[in-house]
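First the proteins, then the strands, lettered A, B, ... as listed; each starts at 1.
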There are 2 protein chains.
Amino acid sequence: MEDLRAFDHTEDGMDARTETVRDRNWKGQGVEQAMISGGQRGVRSRTGRPTARDVAREAGVSPTAVSFVLTGTHPEKVSAATRKRVLEAVERLGYRPNRVARSLRTHRTGAIGVLLTDIKHPLLARTVSGIQQVARQYGYHVVLHNTSFNPEAEREALQFLADLLVDGIIFVSTSTWGDDSVLLEWTQTPLVLINRALSESIPVPSSLPRVRVDYRAGAKEAVLHLVEQGCRRIAYVGAVLTGPGASLAATERYGGYRDALAEAGLPYLPELVHISSSSRPGWDDGAEAVERFLAYGFDGLYAVNDYAAAGAIGRLLRGGLRVPQDVAVVGNDNTEVASHHSPQITSVDPNWEEAGAVALRLLQSMLDGKEKACESTRGASGEAGTTRDGASTGRDGVVAVRPKLVVRESSRRVG
Amino acid sequence: MEDLRAFDHTEDGMDARTETVRDRNWKGQGVEQAMISGGQRGVRSRTGRPTARDVAREAGVSPTAVSFVLTGTHPEKVSAATRKRVLEAVERLGYRPNRVARSLRTHRTGAIGVLLTDIKHPLLARTVSGIQQVARQYGYHVVLHNTSFNPEAEREALQFLADLLVDGIIFVSTSTWGDDSVLLEWTQTPLVLINRALSESIPVPSSLPRVRVDYRAGAKEAVLHLVEQGCRRIAYVGAVLTGPGASLAATERYGGYRDALAEAGLPYLPELVHISSSSRPGWDDGAEAVERFLAYGFDGLYAVNDYAAAGAIGRLLRGGLRVPQDVAVVGNDNTEVASHHSPQITSVDPNWEEAGAVALRLLQSMLDGKEKACESTRGASGEAGTTRDGASTGRDGVVAVRPKLVVRESSRRVG
DNA sequence: GTGAAAGCGCTAACAC
DNA sequence: GTGTTAGCGCTTTCAC
């Protein structure tokens, strides 16, 4: 019986006509491929790819043995000889397991869904990169979804990923929108948030695991670096702090600036603070600010992004001042400009790459926890206290990632 | 019998003990969720999600009817009353089809795999964005894979995507590596290449569909724009043309510069051409070039990227020249600097977003073709002559996407 | 129009 | 250790 089946294409109670029709609908070349590539062995499923059963037949063993060998489970239940025959058959047939079928059976896809607001945002791209690096380590694959700042699309994408049965979801965002109820109620698939501030209005201090970049610490480090370089009158160029354009990042960076001054025992000089009217200050803001500061005298400047820093440097140079000798400058975000500018600009790298990595490790620990103990309902976030460099678990189980300073010419004073 | 099953959790010949063990391994909370959320109806599969059969039971119809309603196939085979009952049951149960199971059956996943060398590259990110926009239209979803310039990872990722049974694959790359044999032999899943130059050494003019960005046309357009603005002595700042750092992009842009001069009837002035020693000229190259050009006099400048353009502008301004009145400047890539600089820089947008969109449309036509006619083996690329704005099918079926010029202050002369 | 039943390709419990 | 077998949740033929 076994042997008979191996050479019969139309068995399994399916007649030839039926098979042709279905193949046409599904994979097109299925039949031809089976004829051509599989001809010698005569074994190829109707999809054009050999199946585990084909391997079993080829090796002369049972599907069970094939499964055990390939998944590595129950290694004690398969003899060395069997294993060898299976592996050889796999090699001979060029067999690759069908992951869809496997997922249907195991309810695990080995994929992590990543939801983000905008793939074109350089910082988010870095986060994805960080996630992907860790994913590779853990053997996960990444399914990416762009929501383009559209709340409706966010909801939809979340559902889609759940339908796809991804093992976990990471939601990366730069901004907040109003209604977080979807996220709070989300119980279908383990979820980790990156920089997704939950509306303050919601009273429930949710146990939803979150990772955030510590803007405040980054700004503080930048300013303290300037202090270290000998600066005593340090100016600040920042984004709007109140009104519609205000952001958490802006507030925190301003706070970090003041923190640093306080820590260094330097006075806060309002005349050296320039708050842009925009949420994202640019070249002009930097230049304008310098123009104004020049009257008061200053020897250091921290700008909340690299464009403003570049603008400031441009204005300083045109004014005949030297950077960093007369004024040392530090930017923020460590974007391409920072390294491409001349002089190269010292900049705070937000470390979003690390944020991605941390988030995935967090997710991993949730998945692990889930597999081991049924009773742990949701808050596996506690487990993640074991964070690595630059990340620390704070109140509410929110993990904060520390930005790191990349020192370049614009602030490096010899000695 | 139907009714009995609906309230019996341990039917299907599976005893209670077995079910518990499996649930623990698979989904963790499955059992609890079934108790809580599904308690009122008593119907929930062991994964915690209602299944199509649950819907059928709830609606009092057969699974067939549910399937027909939900997939929209055979609309004539389902009565209005049945449809209504099904939809209501779906709503009541919060049913969502399991895409994995569906894929296993239909051999279509509705997902497109995108392979790229580096997500952090801003231009590639734009391509992904372009792909994703069209994907949304077509109802496809995108699975992204980063290969980090690692040929081995590329091979692996290609296989992984094929194993996942994505419906098609788009391979986006900025650079070339040696061995393209994998790509040429690739027959498993429909594949489209973006900017993936095949090694010249391979003799077979493969029918593999490809999309490329027409660097030459972009450069030409930039220079012709300068001519239009009244420039007659137009300088060029470009990347290395020969040796290890040389790239197709560099050669083509240089060619486009010369094309434009020729077309405008302007002489080629070697003293106004600065070829950087690097494959990616920067700020300094722009500044240096200007320094040299000043001796000869010039009224326009095209730089192959925005950083070089910014450097050139910086040097010009410091030299007391006005931009664009004395010298009009155009950059390339339309990166963030271009719009953030002051003055804002006119730049050639490589239109990678469109390249992504075109690639997916190409893929779509291949998939369509496959479904309709079995005999079309591979080269559905011919079909894609029906391209849209900015794209044209060239020799070898390679589709070229035209970059487009974004005009800003640095080159806009009033009148 | 409706329902029963047969699998897609894989895993794993259970009997040998 | 090995093979038989029963499904995962869905689609779709075929008989009513």
Side-chain angles (χ1 to χ4, degrees), chain A residues 1-2 11-15 17-19 21-23 25-27 30 45-47 49-56 59-83 85-86 95-108 163 165, chain B residues 1-2 11-15 17-19 21-23 25-27 45-47 49-56 59-83 86 95-108 163 165:
Chain A
M1 181 56 182
E2 271 305 295
E11 43 81 71
D12 282 350
M14 196 189 237
D15 69 22
R17 200 192 113 263
T18 307
E19 183 170 9
V21 170
R22 294 171 89 183
D23 259 298
N25 286 339
W26 294 346
K27 265 275 172 174
S45 96
R46 52 189 61 64
T47 71
R49 287 169 67 129
T51 73
R53 237 174 60 188
D54 293 334
V55 174
V61 301
S62 77
T64 312
V66 176
S67 178
F68 282 173
V69 170
L70 262 41
T71 58
T73 51
H74 306 281
E76 77 286 1
K77 292 205 160 194
V78 56
S79 69
T82 304
R83 158 171 288 107
R85 302 189 63 176
V86 168
Y95 169 77
R96 310 223 83 217
N98 179 330
R99 296 186 68 111
V100 173
R102 179 177 283 180
S103 295
L104 180 59
R105 195 62 238 255
T106 61
H107 286 214
R108 298 191 70 263
D163 294 348
L165 303 190
Chain B
M1 180 55 181
E2 273 303 296
E11 42 80 73
D12 282 349
M14 196 186 235
D15 68 24
R17 200 193 112 262
T18 307
E19 184 170 9
V21 170
R22 294 169 92 181
D23 258 298
N25 286 338
W26 293 346
K27 265 276 172 174
S45 96
R46 53 187 62 63
T47 70
R49 287 169 67 128
T51 72
R53 236 174 60 187
D54 293 333
V55 174
V61 301
S62 77
T64 313
V66 175
S67 179
F68 282 173
V69 170
L70 262 42
T71 56
T73 50
H74 306 279
E76 76 284 1
K77 292 206 160 193
V78 55
S79 69
T82 304
R83 158 171 291 108
V86 168
Y95 168 77
R96 311 224 83 218
N98 179 330
R99 297 186 66 110
V100 174
R102 180 177 281 179
S103 295
L104 182 59
R105 194 62 240 258
T106 60
H107 287 213
R108 299 191 69 262
D163 294 348
L165 304 190

Query raised in the report: Do any pairs count as a side-chain hydrogen bond (donor to acceptor under 3.5 Å, both in side chains) and have a residue in residues 59-68 of chain A, sequence neighbours left out, and if so which ones?
Result: none

Query raised in the report: Is a donor on one side and an acceptor on the other found under 3.5 Å between the side chain of B:R108 and the backbone of B:S103?
Result: no

Report summary line: From CZ of A:R108 across to C1' of C:dA12 the rounded distance in Å is 16 Å

Query raised in the report: C:dG9 phosphate, OP1 or OP2: any side-chain N/O from A:T51 under 4.0 angstrom?
Result: no

Solution key, residues 75-83 of chain B side-chain donor-acceptor pairs under 3.5 Å, sequence neighbours excluded:
{"from": "B:S79", "atom 1": "OG", "to": "B:T82", "atom 2": "N", "distance (Å)": "3.2"}
{"from": "B:S79", "atom 1": "OG", "to": "B:T82", "atom 2": "OG1", "distance (Å)": "2.8"}

Query raised in the report: Whole-Å distance between D:dG9 P and A:R105 CZ?
Result: 10 Å

**Report entry** Under the side chain to side chain contact (heavy atoms under 4.5 Å, CB included) test, residues paired with B:R102 that sit two or more places apart
**Finding:** B:T71, B:P97, B:T106

Query raised in the report: Counting only side-chain N and O atoms of B:S62, is one of them less than 4.0 Å from OP1 or OP2 of C:dG3?
Result: yes

Requested in this report: To the nearest Å, give me how far apart CG (B:L104) and P (D:dT12) are.
Outcome: 12 Å

Query raised in the report: Going by number, which of residues 71-82 of chain B have a non-hydrogen atom under 4.0 Å from DNA chain C?
Result: B:E76, B:K77, B:V78, B:S79, B:T82

Query - Degree of bending in the helix from C:dG1-D:dC16 to C:dC16-D:dG1 once both end axes are built from five pairs, to 10° - result: 50°

Query raised in the report: Does a side-chain heavy-atom distance below 4.5 Å link B:R99 with B:L104?
Result: no

Report task. Round to a whole Å and report the spacing from CZ of B:F68 to C1' of D:dC14. Result -> 11 Å

Query raised in the report: Excluding sequence neighbours, so at least two apart, what forms ring pair (Phe, Tyr, Trp, His ring centres under 6.0 Å) with A:Y95?
Result: none

